[in-house]
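Let me begin by presenting the structure, written as structure tokens, before commenting on it.
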Amino acid sequence: EKGGFEHFMLKEIYEQPRAILDTYRGRLLAKQGIIKMAGVDENLEKLLNANRIIIVACGTSWHAGLVAEYIFEDLARIPVEVEYASEFRYRNPVITDKDVLIAISQSGETADTLAAIKLAKEKGAFVFGVCNVVGSSIARETDAGAYTHAGPEIGVASTKAFTTQITVLTLIALKLAKEKGVFTTTRFHEYLTELEQIPAKVEKALESNALVEIIAEVYKDSTNCLYLGRGYNFPVALEGALKLKEISYIHAEGYPAAEMKHGPIALIDEHMPVVVIATNKGHYEKVVSNIQEIKSRKGKIIAVVTQGDQQVKELADHVIEIPETLESLTPLLTTIPLQLLSYHIAVMRGCNVDQPRNLAKSVTVE
Ligand code: F6R
């Protein structure tokens, strides 16, 4: 059942090239230059005329929502707010029938997300679901939606659900960008062609596994860990930290890299590993100066960089390379080594990787 892997989590990490392919199969038609998604096609007007998109989710799905905020605003120029479902539902939010709510949920059973959907529907908003589990409560409650098609995710720590959620949301954003006319045909094509390369590039990113295992050995006894990223990779930093804390029980925090100087920098000493996402696009130079600040305080730097990087290599204690891609697609690759890092550290610490203490795969109570 684990297909030769020691744990479901590792199996599911390795399934990502396939899962992402399954997510866009039949939807992304690069040669014809179209994206076909029934749930979007049938509700195009509602989506295009939305005043704003409100994304609600919990946990890892909320992190996918944060990535989607960057994607929708940057590519489709639609204002987006991302909310924890639990906060949204109880704070008397301002919602109108001009709003579109996107709910993201792997299980489709998360109680807070479901309640947020019901609230938004009452206020007249159009509700779109991004779920993995077919026929789940959230899939049934939403007005329309798109499944991730990641296949069953058994490991409690979400992995392939995250990358396939981002894939679905990217497809939607690209489609809206095209329909709105904010994307030229050339640019649209460039994205479609690059998206088709992603499974192979994820495969490449997975080749970092042996190196990541060596790095895990070095830091497995740490008591704290900081994750930093900017722009599209800020949510990836949050997700990296969540993965580490939930399965290895090491305290970890994710931060936008520039926020470090507003507090967390005080934590840095020679015992603090800092995972920094420093891909070559999007604020690269700024991230490099953040790395210098960590280094001068003797923090240990584990950097995720683009293949062929020179500058960070000279500063960091460890560098993990991922293939080059469009900036907005980097989260699909930068996430991979962070998943592997938390996996190996948890295994080395003797933790129950697939069923971490106190956690359940679906959170059906608030
Ligand atoms: C983290 C994790 C949780 C879920 C969260 C939402 O690895 O699995 O944080 O992401 O409970 O679950 P879904 O996506 O099923 O609504």
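Since the structure is predicted, the reported quantities are computational estimates derived from the model, not experimental observations. Numbering of ligands and ligand atoms starts at 1, following listing order.
Residues F234 and Y70 keep their aromatic ring centres 6.0 Å or farther apart. Proximity of the aromatic rings of H318 and Y219 is defined here by a centroid distance below 6.0 angstrom, and this criterion is met.
Here E141 pairs with K121 in a salt bridge; the nearest charged N to carboxylate O distance falls below 4.0 Å. The residues K201 and E194 are annotated as salt-bridged, a charged nitrogen and a carboxylate oxygen being separated by less than 4.0 angstrom. Ion pairing between a basic and an acidic side chain is recognised when a charged N comes within 4.0 Å of a carboxylate O; K243 and E239 show such pairing. Using a 4.0 Å cut-off between a side-chain N of Lys or Arg and a carboxylate O of Asp or Glu, E324 and K281 qualify as a salt bridge.
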Run through all N or O atoms in ligand 1 and write down each protein N or O closer than 3.5 Å, as a pair with its distance.
from: ligand 1; atom 1: 7 (O); to: T60; atom 2: OG1; distance (Å): 3.3
from: ligand 1; atom 1: 7 (O); to: S158; atom 2: N; distance (Å): 2.9
from: ligand 1; atom 1: 7 (O); to: K243; atom 2: NZ; distance (Å): 3.0
from: ligand 1; atom 1: 7 (O); to: E246; atom 2: OE1; distance (Å): 3.1
from: ligand 1; atom 1: 7 (O); to: E246; atom 2: OE2; distance (Å): 2.6
from: ligand 1; atom 1: 8 (O); to: V156; atom 2: O; distance (Å): 3.1
from: ligand 1; atom 1: 9 (O); to: T60; atom 2: N; distance (Å): 3.3
from: ligand 1; atom 1: 10 (O); to: T60; atom 2: N; distance (Å): 3.1
from: ligand 1; atom 1: 14 (O); to: S61; atom 2: OG; distance (Å): 2.6
from: ligand 1; atom 1: 14 (O); to: Q106; atom 2: N; distance (Å): 2.7
from: ligand 1; atom 1: 15 (O); to: S105; atom 2: OG; distance (Å): 3.4
from: ligand 1; atom 1: 15 (O); to: Q106; atom 2: N; distance (Å): 3.4
from: ligand 1; atom 1: 15 (O); to: S107; atom 2: N; distance (Å): 2.8
from: ligand 1; atom 1: 15 (O); to: S107; atom 2: OG; distance (Å): 2.6
from: ligand 1; atom 1: 16 (O); to: S105; atom 2: OG; distance (Å): 2.6
from: ligand 1; atom 1: 16 (O); to: T110; atom 2: OG1; distance (Å): 2.4

